[in-house]
Asker: 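Questions regarding the structure given below will be posed in turn.
Residue numbering restarts at 1 for every chain, and letters A, B, ... go by the order of the sequence lines. Worth knowing before you read on, the calculation uses all heavy atoms, side chains too, and leaves out hydrogens, waters and symmetry mates.
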Amino acid sequence: MSIKENITRVIRNFSGNSVDIDISVPEHESLGHYSTTVAFLLAKEKHISPIDMAEELASYLNTTSDIFDRVEAKAPGFVNMWVKPEVFFRELKFILKEGDRYGKRKISRSRRKKVQIEFISANPTGPLTLANGRGGFLGDVLGNVLQMSGFDVEKEYYVNDTGNQIETLGNSILAASRLIPYEETFYKGEYVDYWARAHVAIVKRLKHDPLKLGKRAAKDFLKATRNVIEKKAGIYFDRYTSEDNDIHGKGYVKKALSLFQKNRSIYESDGALWLKTTEYGDDKDRVVLKKDGVPTYFLADAGHYLETKKRGFDSKILILGPDHHGYMARIQAVASMVGIQKSDVMITQAVRLLENGREVKMSKRKGMFVTFEELVDEVGKDSARFFFLMITPETHMDFDMSLAKERTLKNPVFYVQYAAVRAKSIMRKVKKPAIPDLSDLAVLSTEEDIRLMKTLAQFPEIILSVSSSYNIRRLTQYALELAKVFHGFYEKERVLGEEKNVVRARLTLISATLIVFKNLFSVLGISFLKKM
RNA sequence: GCCCCCGUAGCUCAAUUGGAUAGAGCGCUUGGCUUCGAACCAAGAGGUUCCGGGUUCAAAUCCUGGCGGGGGUACCA
């Protein structure tokens with residue numbers, strides 16, 4: 001149990017179950033190691049003033065619990081808590097004992113809930129954009145966090161490898177090969193020309209079957225995409241689900257339709273079949289079978305959701321780009337209809353590309369854009385990941401390639417990685433310490449010692465919090481915070497060359513720091529460097 | 001027209017989801033390497049959180065009316 005959970009439990013004895021107990025870590029040490037605002041809520045409930053309530057709680061904690069050094073009520077109703085050093089020492093020992101498991105939730109296999117997280121899912125009609133990358137990092141790390149928190153996670157890339165856009169891709173290749181005239185809606189870009197030139201025989205053979213040609217090209221584009229996301233960006237998927245083979249091929253589109261018919265969610269109008277998505281909060285009903293009898297893309301999506309449900313997922317997280325926000329209501333309706341109990345949709349916002357302060361219009365159709373791959377090549381995996389994860393997914397971010405790429409992008413990761421390198425370089429000079437007794441740690445008493453231990457102890461709490469809030473940037477914030485605290489420690493305190501018992505205790509502290517850095521980097525998918 | 005998102009330091013972004021003194025990086029000024037790595041640390045300048053009203057112990061955050069920017073709004077995918 002983390003320190004925070006421990007404190008929560010103690011306060012719960014006082015407050016009862018009627019209120020939420022929040023424990024925060026104040027920025028200034030003068031406001032305690034931990035702080036709670038629960039007195040405000042209790043005061044309202046009991047109709048007394050917040051400060052009176054806070055004082056009551058403070059004196060309760062001071063007298064009944066042995067984990068606090070002191071607890072203080074502070075106007076207008078905060079309760080600030082300083083825990084005893086032993087609490088931190090115990091946590092330190094726990095970190096060493098757990099090692100790379102520190103921060104993980106232990107839940108037995110049979111009790112783990114299955115959750116699927118679907119992200120990127122870009123059409124295999126060309127290179128990935130920066131927005132794809134944004135969702136990619138987000139989904140990858142969120143998946144890692146959920147995994148750590150005891151969920152049985154599947155990261156899914158849904159490949160739309162059939163349908164109109166694939167046929168358009170086929171036609172685009174034919175146009176690039178000058179076999180048919182060019183049309184406005186076609187994909188245009190170097191990658192189309194390049195593929196066409198490299199596969200002249202195939203183009204010739206399939207020139208009367210653009211869909212088949214498109215599928216063939218899509219296969220290659222997907223391979224290229226996988227190479228970028230896995231090898232270059234460090235994003236890993238458990239499953240690439242093919243719309244063509246896994247959904248259409250296994251009859252899920254028809255199954256979804258008959259399920260809806262059975263549930264009387266379908267009606268006919270104007271010769272088409274409509275799904276009553278308005279019954280689940282959509283602003284209008286949606287066509288699933290067109291007048292000509294062709295299923296819409298939306299029905300295929302419903303089939304996909306049904307397939308996910310049938311494979312045992314009651315919980316699904318979908319990360320979409322900004323152009324899909326209109327899709328949210330109807331896909332949520334479908335989730336309910338197929339029986340997925342917990343369905344979350346996250347929308348990432350666009351990345352606006354600037355060049356020397358001026359906006360560069362990006363268009364996939366016209367082939368004008370900076371690809372995700374170019375970004376990663378330019379600044380490196382670690383910088384790209386950290387930088388994108390730092391920024392909240394729902395802000396429209398401006399990205400100036402020419403101006404910002406060097407220092408602004410790299411600095412935050414370097415700052416964090418450098419802290420870990422400094423810690424590592426101390427350990428390189430000594431033998432790994434054995435796990436000490438609590439009494440050996442008593443010399444860890446300076447402000448810097450305590451602050452570092454306190455910060456380390458937050459790691460499991462952050463993981464837990466992110467697993468329910470999906471607030472991924474708290475991880476990068478924490479990384480920056482931990483690095484800052486460690487750099488401060490490093491400048492002010494020494495490890496080697498101190499008295500023997502101090503060296504031993506501090507080495508324990510450094511070991512624990514390295515464990516937390518390692519585990520944190522592993523969740524974030526950035527490299528733990530030995531030197532830089 | 002209707003719907004969604006955003007507006008915070010010169011620039012790019014934070015702010016533990018309603019908490020205390022609004023913080024980081026880049027840029028700017030100053031100081032710190034004969035001891036564990038200076039890709040670091042310490043100090044400073046820089047803010048009417050777009051504007052007006054409201055809600056409450058407490059608002060950058062919630063509600064409301066404006067202003068400005070981005071996106072969406074197909075029997076396309």
Asker: What nucleic acid atoms does A:R494 come within less than 4.0 Å of, heavy atoms only: base, sugar-phosphate, or nothing?
Answerer: base
Asker: Between A:N411 and B:C26, does any side-chain N or O lie under 4.0 Å from OP1 or OP2?
Answerer: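 Checking A:N411 against B:C26: at least one side-chain N or O falls below 4.0 Å of OP1 or OP2.
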Asker: Have a look at A:E27 and say if it touches a base, only the backbone sugar-phosphate, or nothing, with a 4.0 Å heavy-atom cut-off.
Answerer: sugar-phosphate
Asker: Just to be sure I understand the rule, does A:D22 reach a base, reach only the sugar-phosphate, or reach nothing, if contact means heavy atoms closer than 4.0 Å?
Answerer: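 It contacts nothing in the nucleic acid.
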Asker: Walk me through whether A:H304 and A:Y158 qualify under ring pair (Phe, Tyr, Trp, His ring centres under 6.0 Å).
Answerer: CA-CA 9 Å; A:H304 175 213; A:Y158 182 53; 3.7 Å; yes
Asker: Could you tell me whether the phosphate oxygens of B:C76, OP1 or OP2, come under 4.0 Å of any side-chain nitrogen or oxygen in A:Q165?
Answerer: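 Checking B:C76 against A:Q165, no side-chain N or O comes under 4.0 Å of OP1 or OP2.
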Asker: Using a strict 4.0 Å threshold on nitrogen-to-oxygen distance, state whether A:K284 and A:D282 make a salt bridge.
Answerer: no
Asker: Nearest to the side chain of A:E491, heavy atoms from C-beta on, is which of B:C41, B:G37, B:A77?
Answerer: B:C41
Asker: Whether A:R473 contacts B:A15 is assessed here as follows: a side-chain N or O lying under 4.0 Å from the phosphate OP1 or OP2. Is that the case?
Answerer: yes
Asker: Report which part of the nucleic acid A:Y327 touches: base, sugar-phosphate, or nothing (heavy-atom distance under 4.0 Å, all strands).
Answerer: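 The answer is base, as A:Y327 lies within the cut-off (heavy atoms under 4.0 Å) of a base atom.
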Asker: In whole Å, measure the gap between the P atoms of B:C63 and B:C5 for me.
Answerer: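 Taking atom P in both B:C63 and B:C5, they lie 10 Å apart.
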Asker: Among residues 272-280 of chain A, which contact RNA chain B at a heavy-atom distance under 4.0 Å?
Answerer: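 RNA chain B contact set from residues 272-280 of chain A: A:A272, A:W274.
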Asker: Indicate whether OP1 or OP2 belonging to B:A20 is found under 4.0 Å from a side-chain N or O atom of A:K74.
Answerer: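 For A:K74, the contact criterion (side-chain N or O under 4.0 Å from OP1 or OP2 of B:A20) is not met.
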Asker: Determine the Euclidean distance between corresponding P atoms of B:A15 and B:A24; express it in Å to zero decimal places.
Answerer: 14 Å
Asker: Could you check which of B:A20, B:G37, B:A77 has an atom nearest any side-chain atom of A:F78?
Answerer: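 The answer is B:A20.
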Asker: Given the C1' atoms of B:G66 and B:A20, what is the spacing between them in whole Å?
Answerer: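 Straight-line distance between the two C1' atoms is 32 Å.
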Asker: Taking the C1' atom of each, how far is B:A74 from B:U48, in whole Å?
Answerer: 46 Å
Asker: Roughly how far apart, to the nearest Å, are B:U64 and B:G10 at atom C1'?
Answerer: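 Pairwise C1' distance, B:U64 against B:G10, rounds to 33 Å.
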Asker: Does A:M427 reach a base, just sugar-phosphate, or nothing at all? Heavy atoms under 4.0 Å.
Answerer: nothing
Asker: Examine B:G23: is either OP1 or OP2 under 4.0 Å from a nitrogen or oxygen in the side chain of A:K484? Give yes or no.
Answerer: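 For A:K484, the contact criterion (side-chain N or O under 4.0 Å from OP1 or OP2 of B:G23) is not met.
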Asker: What contact category does A:T36 fall into here, base, sugar-phosphate, or nothing, at under 4.0 angstrom with non-hydrogen atoms?
Answerer: nothing
Asker: Using OP1 and OP2 only, check whether a side-chain N or O of A:N164 sits under 4.0 Å from B:A77.
Answerer: yes
Asker: Identify each donor-acceptor pair in which a side-chain atom of residues 295-303 of chain A lies under 3.5 Å from a protein atom, sequence neighbours left out, and give them as a table.
Answerer:
unit_1 : atom_1 : unit_2 : atom_2 : d
A:T296 : OG1    : A:V287 : O      : 3.1
A:T296 : OG1    : A:V288 : O      : 3.4
A:T296 : OG1    : A:F298 : N      : 3.4
A:T296 : OG1    : A:L299 : N      : 3.3
A:Y297 : OH     : A:N160 : OD1    : 2.9
A:Y297 : OH     : A:N160 : ND2    : 3.0
A:D301 : OD2    : A:Y327 : OH     : 3.4

Asker: Could you measure between the two P atoms, the one in B:G47 and the one in B:C3, and give it in whole Å?
Answerer: 37 Å
Asker: Given B:C6, B:C36, B:C76, which nucleotide is nearest the side-chain atoms of A:L496?
Answerer: B:C36
Asker: Any base atoms under 4.0 Å from A:T37, or only sugar-phosphate, or nothing? Heavy atoms, all strands.
Answerer: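 Counting heavy atoms under 4.0 Å across all strands, the contact made by A:T37 includes a base.
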Asker: Given the C1' atoms of B:U49 and B:U8, what is the spacing between them in whole Å?
Answerer: 4 Å
Asker: What's A:V430 touching, base or sugar-phosphate or nothing? Going by heavy atoms closer than 4.0 Å.
Answerer: nothing
Asker: If the glycosidic angle sits within 90 degrees of zero it is syn, else anti. Tell me which applies to B:U64.
Answerer: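 B:U64: anti glycosidic orientation.
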Asker: Using Watson-Crick or G-U wobble geometry with both distances below 3.5 Å, tell me the partner of B:U48, or none.
Answerer: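 The answer is none; no pair meets the criterion.
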Asker: Of all the choices, B:A38, B:U17, B:C36, which nucleotide is nearest to the side chain of A:N471 once you look at every atom?
Answerer: B:U17
Asker: What's the gap between B:C13 and B:A60 when it is taken at their C1' atoms, as a whole Å value?
Answerer: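 Pairwise C1' distance, B:C13 against B:A60, rounds to 14 Å.
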Asker: Check whether any side-chain N or O of A:T395 sits under 4.0 Å from OP1 or OP2 of B:A14, and answer yes or no.
Answerer: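 The answer is yes; a side-chain N or O of A:T395 sits under 4.0 Å from OP1 or OP2.
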Asker: Which one is paired to B:U12, where only Watson-Crick or G-U wobble pairs with both distances under 3.5 angstrom count?
Answerer: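 B:A24 - that is the nucleotide pairing with B:U12, both distances being under 3.5 Å.
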Asker: Counting only side-chain heavy atoms from C-beta out, which of B:C57, B:G25, B:G37 sits nearest to A:Y490?
Answerer: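 Nucleotide nearest to A:Y490's side chain: B:G37.
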Asker: Under the criterion side chain to side chain contact (heavy atoms under 4.5 Å, CB included), I'd like the reasoning laid out for A:R451 against A:M453: C-alpha separation, chi angles, the key distance, then a yes or no.
Answerer: CA-CA 5 Å; A:R451 186 177 299 146; A:M453 287 188 284; over 6 Å; no
Asker: Assign A:H396 to base, sugar-phosphate, or nothing according to its heavy-atom contacts below 4.0 angstrom with the strands shown.
Answerer: base
Asker: Could you tell me the separation between the CG atom of A:D20 and the P atom of B:U16, rounded to a whole number of Å?
Answerer: 16 Å
Asker: B:C41, OP1 or OP2 - any side-chain N/O from A:Y415 closer than 4.0 Å?
Answerer: yes
Asker: Are A:F40 and B:A58 stacked, counting the six-membered base ring, centres under 5.5 Å, planes under 30°?
Answerer: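 No, A:F40 does not stack on the base of B:A58.
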Asker: How long is the line joining CD of A:E394 and P of B:U17, in whole Å?
Answerer: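 Computing the A:E394:CD to B:U17:P distance gives 14 Å.
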Asker: Which part of the nucleic acid, if any, lies within contact of A:E498, taking any heavy atom under 4.0 Å across all strands shown: a base, the sugar-phosphate backbone alone, or nothing?
Answerer: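 Here A:E498 touches no strand at all.
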Asker: For B:G1, give its Watson-Crick or G-U wobble partner with both distances under 3.5 Å, or none.
Answerer: B:U73
Asker: Pull out every residue in residues 284-296 of chain A that has a heavy atom closer than 4.0 Å to any atom of RNA chain B, ordered by number, or say none.
Answerer: A:K284, A:V287, A:K290, A:K291
Asker: Does the plane of the ring in A:Y490 sit parallel, tilted or perpendicular to the ring in A:F486? Use 30° and 60° as the thresholds.
Answerer: tilted
Asker: Classify the nucleic acid contact of A:P50 as base, sugar-phosphate or nothing, counting any heavy atom under 4.0 Å across all strands shown.
Answerer: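 The residue A:P50 makes no contact with any strand.
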Asker: For a quick check of understanding: with a heavy-atom distance under 4.0 Å over all strands, which category does A:D270 fall into, base, sugar-phosphate or nothing?
Answerer: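 Base, at least one base atom sits under 4.0 Å.
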Asker: Taking the six-membered ring for Trp, does A:Y297 stack with B:C76 (centroid gap under 5.5 Å, planes within less than 30°)?
Answerer: no
Asker: Mind checking if A:L31 touches a base, just sugar-phosphate, or nothing, with heavy atoms under 4.0 Å?
Answerer: base
Asker: Which nucleotide, in any strand shown, forms a Watson-Crick or G-U wobble pair with B:G68, with both distances under 3.5 Å?
Answerer: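 Partner of B:G68: B:C6.
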Asker: Hey, does A:T392 reach any base, or is it just sugar-phosphate, or nothing, if we go heavy atoms under 4.0 Å?
Answerer: sugar-phosphate
Asker: B:G37, B:U21, B:U56: which one has an atom nearest the side-chain heavy atoms of A:H28?
Answerer: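 From the listed options, B:U21 comes nearest.
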Asker: My understanding is that a pair needs two contacts under 3.5 Å, Watson-Crick or G-U wobble. By that rule, which nucleotide pairs with B:U17?
Answerer: none
Asker: Return the value, rounded to whole Å, for the distance between atom CZ of A:R330 and atom P of B:C3.
Answerer: 17 Å
